[in-house]
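Structure, as structure tokens:
On a predicted model such as this, the values are computed, not experimentally measured, just so you know. Chain A is the first sequence line, chain B the second, and so forth, proteins listed ahead of strands; every chain is numbered from 1.
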Amino acid sequence: MVAITLPDGSVRRYDKPVTGADVAADIGPGLAKAALAVKVNGDMKDLLLPLTEDVKLAIVTKKDPDALELLRHDAAHVLAEAVQELFPGTQVTIGPAIENGFYYDFARNEPFTLDDLPKIEAKMKEIVDRDEPIRREVWDRNDAIAHFKSIGELYKAELISGFPEHEPISIYRQGDKWLDLCRGPHLASTGKLGKAFKLTKVAGAYWRGDSNNAMLTRIYGTAWADEKQLAEYLTQIEEAEKRDHRRLGREMDLFHLQEEAQGAVFWHPKGWTLYRTLQNYIRRRLEGAGYVEVNTPMLMDKVLWEKSGHWEKFREGMFISESEERTLAVKPMNCPGHVQIYNQGIKSYRDLPLRIAEFGCCHRNEPSGALHGLMRVRAFVQDDAHIFCTEDQVKSETKAFIDLLRVVYADLGFTEIRVKFSDRPVKRAGSDETWDKAEAALRDATDAAGLEWTLNPGEGAFYGPKLEFVLRDAIGRDWQCGTLQADFVLPERLEANYIGEDGAKHRPVMLHRAIFGSMERFIGILVENYAGKFPLWLTPLQAVVCTITEEANDYAAEVAATLRANGLRVETDLRNEKINYKVREHSLAKVPVLVVVGKKEAETRGVALRRLGGANQEILALDEATDRLAKEAAVPGTF
RNA sequence: GCCGACGUAGCUCAGGGGUAGAGCAACUGAUUCGUAAUCAGUAGGUCCGCGGUUCAAUUCCGCGCGUCGGCACCA
């Protein structure tokens, strides 16, 4: 006797084992048709899994949000079957579901090209039409290895060899000819997948994510529950591409890049205004939070980097210069410089915490393939700071930092913050005891600040664990922006100390921290998040005074001067063009406020304000408009 | 760095073995106009670079550089 409890609490009893498919059919033919899989006691399982004991069962259909992952995983398998049918001799490796879609990695001497995708897609649809049954089988480990070796699937054989002994090897048979190693679960047949999928790109990827291994060809696709969702997703991607900071950077005349300075930014006047506005803003926030600002040399003798450990670990990524007898390195980071400032004179526990900030211009010779617009560059400015404190102060300093970061991110439109906690990497400096202490201190402090985080195992800096504050760009790529790293190693290596209450020397802890990460990257993220329509305080050009006729030219100049005298960034547009033309042009340039003046305004000393995206205008006296705009443009954190 | 695609005017792109074309932008002139494109005219190119094949290469081939999409890396 098997008792199946359904989500509504009702219980169905069967006198022999049943499958989810049986239960669905029992409930109704509509559900039987719609059923994709089941959740057994909350876990996603195959529809055809025999249920031999009492369970809680939910039938999963396309309406279930969890069904998407299942569909995507099946899409990957259908992709693999299609590829092997079209290109015999191609080896399959792995093919998981990912956010918005799926991929499958193939090994083949001849790589696929973009032109192959439509053919493969058509074949996938054919396989869906065939509605091949998908059945789970459990194989003996050695049999499975032998089988995959015999058909030339060496990667699959390698995968199975890596599984723990005695682990059951589950194989999914798709139709009568094709099968694949897979943990499952899967749909009951290929027809259930539907056709709301699309192959999107071809790319190289290393076997098992290791650059020492062979390069495989990865085919990416997106898959959805229905055509409407698919179309929406594709439109959304298209829209997102219009917000790409590289595109807006050019359209809005913010910056450019060119090959003679690969990975370094030429900031144009508007972009530099944005940059300075952001920098002045964060500077005030730092001053308010008790930081002192310094500036340290760009070129320093390599002995300093040998001492810190950076030479050993990052030499390849450093730009070097020779001078007389010395080897100098262009600084890739600011920490050692800050320790030099800290080490001037004797520090007392009364001096701590000492928060040393710098807008430090750093250079790193990033691999060419890593460069990406403003997001990943070779020359960048960190909003860097190092907090020298006692071990007892780690918790309160961490909390203060997180509070500050939250305020700044909120000011810039980021309220949901994703945080990763990265612990000790394989290659690291410092003893295990030191790492235990550093990890515990950072984790406790983070929890005390009430921050939700996910673990990023082994991804910490070589000298300490780190918190990463991750922001997402328009296309869905994640970038680390803010960071906080607890470091018990560098103070030791660079011999920082302070005199404690007990009169003895102690090591301070160093907290490395940044809120933006790099000015460049953060501006890139800001451009994409605001789609170039920055808040008034931040936008480079806040208002354009547009004339309707020549008669208003003098008055327009006076209006602009008044606005500028009140701290606003304003230009005039006195060109002999129709007002429609001017409105269109400045709207496309994303200027938030247009101040329109014609004969009427000149006579009454008024202005017509038009907001970006707004349909109508507001007629105000010049004084009132100035007052209002000045207030609206106030930088957050100022009074 | 690795795999793949791409590289033609400021931008978006077309073309093609016989030294290049459109739209928008730019420039000049006319128009003085009330809230998302006024009209007319002009100018603009080592077709990424270097080699090779050819009577002839921007076009075909090779190499290099760069960009883009991923992977790897990211102090």
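Nucleic acid contact for A/Ile548: base, since at least one base atom lies under 4.0 Å from a heavy atom of the residue. No contact: A/Gly309 has no heavy atom under 4.0 Å from any strand. Here A/Leu588 lies in heavy-atom contact (under 4.0 Å) with a base. The residue A/Ala461 sits close only to the backbone: its heavy atoms come under 4.0 Å of sugar-phosphate atoms, none of a base. Residue A/Phe314 is classed as a base contact, given a heavy-atom separation below 4.0 Å to a base. When heavy atoms are screened at a 4.0 angstrom cut-off, A/Lys331 is found touching no nucleic acid atom at all. Contacts of A/Ala203 with the nucleic acid, taken as non-hydrogen atoms under 4.0 Å apart, include base atoms.
No side-chain donor-acceptor contact under 3.5 Å links A/Gln480 and A/Glu459. Side-chain atoms of A/Thr296 and A/Glu358 include a donor-acceptor pair closer than 3.5 Å.
For A/Arg247, no side-chain nitrogen or oxygen approaches OP1 or OP2 of B/C11 to under 4.0 Å. Within the 4.0 Å cut-off from OP1 or OP2 of B/C71, at least one side-chain nitrogen or oxygen of A/Tyr220 is found. Between B/A5 and A/Thr113, no contact under 4.0 Å exists linking OP1 or OP2 to a side-chain N or O. One finds no side-chain N or O of A/Lys201 lying less than 4.0 angstrom from the OP1 or OP2 phosphate oxygen of B/G69. In this model, the phosphate group of B/G70 is approached by a side-chain N or O of A/Arg477 to a distance below 4.0 Å at OP1 or OP2. One finds a side-chain N or O of A/Arg246 lying less than 4.0 angstrom from the OP1 or OP2 phosphate oxygen of B/C68. Dashed line: the shortest gap from a side-chain N or O of A/Gln258 to OP1 or OP2 of B/G66 is not under 4.0 Å. Taking only side-chain nitrogens and oxygens, A/Arg250 never comes nearer than 4.0 Å to OP1 or OP2 of B/U67.
Look at B/U32: it lacks any Watson-Crick or wobble partner with both distances under 3.5 angstrom.
Rounded to whole Å, the separation between the P atoms of B/A14 and B/C48 comes to 14 Å. Here, B/G49 and B/G7 have their C1' atoms 11 Å apart, quoted to the whole Å. Going from the C1' atom of B/C6 to that of B/U12 covers 15 Å, rounded to whole Å. Taking the C1' atom of each, B/U42 and B/G62 are spaced 42 Å apart, rounded to whole Å. The separation of B/G15 from B/A9, taken at their P atoms, amounts to 15 Å, rounded to a whole angstrom. The separation of B/G45 from B/C11, taken at their C1' atoms, amounts to 15 Å, rounded to a whole angstrom.
Less than 6.0 angstrom separates the ring centroid of A/Tyr409 from the ring centroid of A/Phe522. Aromatic rings of A/His310 and A/Phe462 (six-membered ring for Trp) have centroids within the 6.0 Å cut-off, being under it.
Residue side chain A/Tyr206 does not reach the base of B/G70 through any donor-acceptor N/O pair under 3.5 Å, judged by distance alone. A donor and an acceptor atom sit less than 3.5 Å apart, one in the side chain of A/Arg376 and one in the base of B/C74. In the interface, the side chain of A/Glu260 is not paired with the base of B/G66 through any donor and acceptor atom under 3.5 Å apart.
Distance CE (A/Met215) to P (B/C73): 12 Å, rounded to an integer number of Å. Regarding A/Asn109, its CG atom lies at a distance of 14 Å from the C1' atom of B/C3, rounded to whole Å. Atom CG of A/Leu216 and atom P of B/C2 are 17 Å apart (whole Å).
For A/Ala205, the listed nucleotide lying nearest its side chain is B/C71; candidates were B/C71, B/A36, B/G4. The side chain of A/His372 lies closest to B/G69 when the candidates are B/G69, B/A36, B/A37. Nearest to the side chain of A/Glu366, among B/C74, B/A36, B/G1, sits B/C74. In the set B/U32, B/U35, B/G34, the nucleotide with an atom closest to the side chain of A/Glu550 is B/U32.
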Could you go through the side-chain contact (heavy atoms from CB on, under 4.5 Å) check for A/Arg364 and A/Phe314 one step at a time? CA-CA 9 Å; A/Arg364 295 178 187 175; A/Phe314 293 111; over 6 Å; no

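Relative orientation of the A/His386 and A/Phe388 rings is tilted, given thresholds of 30° and 60° on the angle between their planes.
Annotation: A/Glu585, atom CD; neighbour count of heavy atoms from other residues, nucleotides and ligands within 6.0 Å is above 12.
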